[in-house]
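Numbers restart at 1 for each chain; the letters A, B, ... are given by sequence-line order, proteins then strands.
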Amino acid sequence: MSGVLVVVEQREGRIARISWEAVAAGQKLGATLTLPVSAAVVGAQTESFAAEIAARPLDKVFRVEHPLLARYTPDGFSLALHQLIQAESPACIVFPHTYQVRDYAPALAARLGQVLIGDVTAIGDGPVFTRQLLQGRLNGAYRPTGSGPCLISVQAGAFRAEAPEAGASAAPATVTTFVPTLESAQIRTTPGEPFRGGSQTVDLSSAQMIVCVGRGIKDAENLPLVQDLATALGAELAASRPICDNGWLPMERQVGSSGQTVSPKLYLGVGISGAIQHLVGMKGSQCVVAINKDPDAPIFEVADYGIVGDLFEVVPALTEAIKAARQ
Amino acid sequence: MKIIVAIKQVPERDAQVRIDAAGKWIDESNLQYALNESDAYALEEALQLKEKSAAAGGEVVVVSVGPERVGQTIREALAKGADRAIHIVCDDLGLRDALGVARLLAAAVKPENPDLILTGLQSEDLGLGQTGVIVAELLGLPHATLILNVEKTETGLKVKRELEEGWFQTIELPTPAVLTIQSGGNKLRYATLMGIKRAKMKEVRQLTAASLGVDAPPVVVLEHVALPQKQKSTQILPGTAKEAAAALVEKLKFEVRVL
Ligand SMILES: Cc1cc2nc3c(=O)[nH]c(=O)nc-3n(C[C@H](O)[C@H](O)[C@H](O)COP(=O)(O)OP(=O)(O)OC[C@H]3O[C@@H](n4cnc5c(N)ncnc54)[C@H](O)[C@@H]3O)c2cc1C
């Protein structure tokens, strides 16, 4: 084949947006390298997914199908995809950067003698792949130098997923089924059913205003400072992960990829750096305000208004000003 | 249970980001370093597992790749309670890709025959999130990632894995195994004065890439680094804290209309 192969992820009966973004990235890469672009979907029953994918402008769609692939396991998925890659020898393999891909793609790459370039945000000529370093404070340009296939995974939101063109003239992609050789003894981990964690008493997703506190607050003792601000505004109090990891606020108040996704009218981040895992949970906010002492903090890349300063001075002043304005 | 914990020394979070003259990494001349956060949780999980099975005996060995300065972070891990350490002394870490580093770790860990290998789920500097998974592949061991809790069972391990958006999953797997640990599963301990004293006596074995016989060119290189471009034009509200707060209230009132 020697083209670009996009591995589309299906979970809980659907294909998430990030997989369509991976398809878009694959098409961009295909255009850069003038190579045909195909896609693969892995599972025990993939017919309907394959049909959905085949409606996109792609060369081929592979249904990598086996009863042992009904539930995701790193062993099952890397064995199956390794066999497909051996059979088709793609030049590049593109994945969505999901928890599942993080779990098996690095092992698959190593089996091929390669290294996955993970969490890619842009593709340049070469090709060169951009990914974030130092939690978003720096970008790095990576180039594959090996002789084997290059493997990349793309960050959520980095590539625009095009809706399939209605009445597009291109013929649908050809769908082929690829049955890997798998034995149950090769699958060493036994996954359980997903479950929700803890209590769900706060629904941040419907909040109009959110004050979100990060590690800049330094100590649990200082939390009343931001609680007072939230109260003065009439906002919900939320937090970044380290605050919840420390047990300073319950996990149900965590915003981000492993917490809640919020889209308030006002998101006010206090002492939050703006790591990608946090940003994915709040970038739908209508207005983003950030208070941070570091003018280069990545949160300022997505903020509408910013105050560069010490939160221990700015927050009390803001609380007072809001109280005065509300009178 | 013999547990290996692979740890990494990373720049302090508050470190100033200045690009070096070659444009290949940040200027390290005035940097402070610390133990990578999720590695601290991996170490804590290992120490707690050992303490829980105190009767059966057990050992926690930390392993780290990096230059001499990494010795400081290793001592801190020993002060928290690790029994001994392996330091793979390596001055060209920046030239090695994830597979190269994992090869070093795998070669150092293999003769130890551990029951369990833990790493943090990703480093705060490069953020690759791959090292543990590749080590598992190289050693032919089963693995699970994003783990918050580890329990020993009759046949192996039962672990709690984080999924996206507040979901979790239980996974059972046999030992020996590799787990990458997510932050937040435990409360981190501090080193005690006694711990710090004892750490000085503990064994730190130094190895090198040459002594491990690991030598393979990278298949991926970091060509250059750059500061990110802003996506939005942020309006920075200047002045003293009071002035900036007053300006923001105006914006919230008249532009955002939430007051
Ligand atoms: C798989 C995975 C999932 C994750 N899921 C999430 C998630 O759901 N949600 C989430 O938030 N994170 C998540 N993270 C963690 C994420 O990568 C970051 O580590 C985290 O968001 C950082 O939180 P923070 O911004 O509060 O802390 P830091 O990054 O430490 O930032 C603190 C900020 O406070 C500023 N500051 C310090 N002192 C002051 C002061 N006096 N005044 C003003 N500013 C000050 C600093 O300049 C800095 O910018 C996840 C990570 C991984 C790997």
Side-chain angles (χ1 to χ4, degrees), chain A residues 74-75 99 102-103 106-107 110-111 113-118 128 132-146 188-192 194-197 209 244-245 257-259 265-266 287 289 296 298 300-309 313-314 317-318 321-322 325-326, chain B residues 17 26 97-99 102 124-130 133-134 136-138 142-146 162-174 183-184 187 218-228 230-232 234-237 241-242 244-246 248-249 251-253 256 258-259:
Chain A
D75 286 336
Y99 278 31
R102 294 175 59 114
D103 194 54
R111 203 166 298 175
Q114 301 302 314
V115 172
L116 172 78
I117 303 180
V128 196
Q132 296 178 319
L133 302 168
L134 296 166
Q135 310 238 50
R137 295 197 293 161
L138 199 64
N139 280 339
Y142 283 80
R143 187 189 289 274
T145 53
R188 297 165 294 181
T189 59
T190 315
F195 59 90
R196 267 222 165 266
M209 284 190 265
C244 303
D245 280 352
S257 63
S258 49
K265 265 183 105 165
L266 173 69
C287 175
V289 179
D296 294 323
F300 288 125
E301 284 161 41
V302 298
D304 298 278
Y305 300 107
I307 298 179
V308 178
E313 290 172 21
V314 176
L318 185 58
I322 288 166
R326 277 262 155 97
Chain B
V17 175
I26 51 170
D97 58 17
L99 182 57
E124 287 160 49
D125 52 357
L126 297 180
L128 298 172
Q130 303 194 15
V133 179
I134 303 176
E137 171 69 22
L138 295 176
H143 75 269
T145 59
L146 288 137
E162 179 178 298
L163 302 172
E164 279 125 329
E165 290 163 13
W167 289 79
F168 301 94
Q169 173 185 44
T170 303
I171 293 177
E172 294 196 53
L173 69 171
S183 61
K187 207 172 161 358
V219 289
V220 160
V221 293
L222 174 54
E223 279 200 333
H224 61 261
V225 298
L227 293 174
K230 289 201 190 306
Q231 302 166 12
K232 249 189 189 177
T234 307
Q235 201 176 329
I236 297 290
L237 305 170
K242 227 174 159 172
L248 182 57
V249 165
K251 299 289 180 195
L252 296 182
K253 232 177 176 171
V256 195
V258 287
L259 279 186

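- For the pair Asp103(A) (side chain) and Thr145(B) (backbone), a donor-acceptor distance under 3.5 Å is present.
- A pairwise comparison of heavy atoms in Trp167(B) and Arg196(A) identifies NE1-NH2, 3.4 Å as the closest pair.
- Here Ala226(B) is the residue among Gly129(B), Ala244(B), Ala226(B) with the most heavy-atom pairs under 4.5 Å with chain A.
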Between Leu134(A) and Ile26(B), is the side chain to side chain contact (heavy atoms under 4.5 Å, CB included) condition met? List the steps. CA-CA 10 Å; Leu134(A) 296 166; Ile26(B) 51 170; 3.9 Å; yes
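- Side-chain contact between Thr145(A) and Val220(B) is absent, with no heavy atoms from C-beta onward closer than 4.5 Å.
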Please assess Leu248(B) against Tyr305(A) for the test side chain to side chain contact (heavy atoms under 4.5 Å, CB included), listing each intermediate value before the final yes or no. CA-CA 8 Å; Leu248(B) 182 57; Tyr305(A) 300 107; 4.3 Å; yes
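- Using a 4.5 Å cut-off between heavy atoms, Arg326(A) contacts chain B through its side chain alone, with no backbone atom that close.
- Each of Ile307(A), Val314(A), Asp304(A) has some count of heavy-atom pairs under 4.5 Å with chain B, and the biggest count is that of Asp304(A).
- Residue with the most contacts toward chain B among Val289(A), Thr189(A), Val308(A): Thr189(A) (heavy-atom pairs, distance under 4.5 Å).
- Contact check for Thr190(A) versus Leu173(B): no side-chain heavy atoms found under the 4.5 Å cut-off.
- Between Gln114(A) and Leu99(B), the closest heavy-atom pair is O-CD2, 4.1 Å.
- Contact annotation for Leu146(B): only side-chain heavy atoms (C-beta onward) come within less than 4.5 Å of a heavy atom of chain A.
- Of all the listed residues (Asp125(B), Val225(B), Leu222(B), Ile236(B)), the one sharing the greatest number of non-hydrogen pairs under 4.5 Å with chain A is Leu222(B).
- In terms of heavy-atom proximity, Gly113(A) sits nearest to Val219(B) at O-CG1, 3.7 Å.
- The minimum heavy-atom distance between Arg188(A) and Pro142(B), with the atom names listed, is NH1-N, 3.5 Å.
- For the set Glu172(B), Glu164(B), His143(B), the entry with the most heavy-atom pairs within less than 4.5 Å of chain A is Glu164(B).
- Contact of Ala144(B) with chain A is made through the backbone alone, with heavy-atom distances under 4.5 Å.
- Residue with the most contacts toward chain A among Lys242(B), Lys187(B), Glu124(B): Glu124(B) (heavy-atom pairs, distance under 4.5 Å).
- Put simply, of Ala110(A), Gly146(A), Ala317(A), Ala107(A), the one with the most heavy-atom pairs under 4.5 Å next to chain B is Ala107(A).
- Heavy-atom minimum distance, Pro228(B) versus Gly136(A): CG-O, 3.5 Å.
- Among Ala303(A), Pro191(A), Gly309(A), the residue making the largest number of heavy-atom pairs under 4.5 Å with chain B is Ala303(A).
- Note that CD of Glu165(B) is 9.0 Å distant from OH of Tyr99(A), once rounded to the nearest 0.5 Å.
- Considering all non-hydrogen atoms of both residues, Gly306(A) and Thr234(B) come closest at N-CG2, 3.7 Å.
- Side-chain contact annotation: Glu223(B) with Tyr142(A), donor-acceptor N/O pair under 3.5 Å absent.
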Mind running side chain to side chain contact (heavy atoms under 4.5 Å, CB included) on Val256(B) and Lys265(A) for me, showing each step along the way? CA-CA 8 Å; Val256(B) 195; Lys265(A) 265 183 105 165; 5.5 Å; no
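- Annotation: maximal heavy-atom pairing with chain B below 4.5 Å, among Leu318(A), Asp75(A), Asp245(A), occurs at Asp245(A).
- The contact between Lys251(B) and chain A is made entirely by side chain atoms (from C-beta outward), counting heavy-atom distances below 4.5 Å.
- Ranked by heavy-atom pairs under 4.5 Å with chain B, the first of Ile117(A), Leu133(A), Val128(A) is Leu133(A).
- The contact between Leu126(B) and chain A is made by backbone and side chain atoms together, counting heavy-atom distances below 4.5 Å.
- Contact of Asp296(A) with chain B is not made at all, since no heavy-atom distance falls under 4.5 Å.
- Contacts of Ser258(A) with chain B are made by both backbone and side-chain atoms, with heavy-atom separations under 4.5 Å.
- Contact count versus chain A (heavy atoms, under 4.5 Å) is highest, among Leu163(B), Ile134(B), Leu138(B), for Leu163(B).
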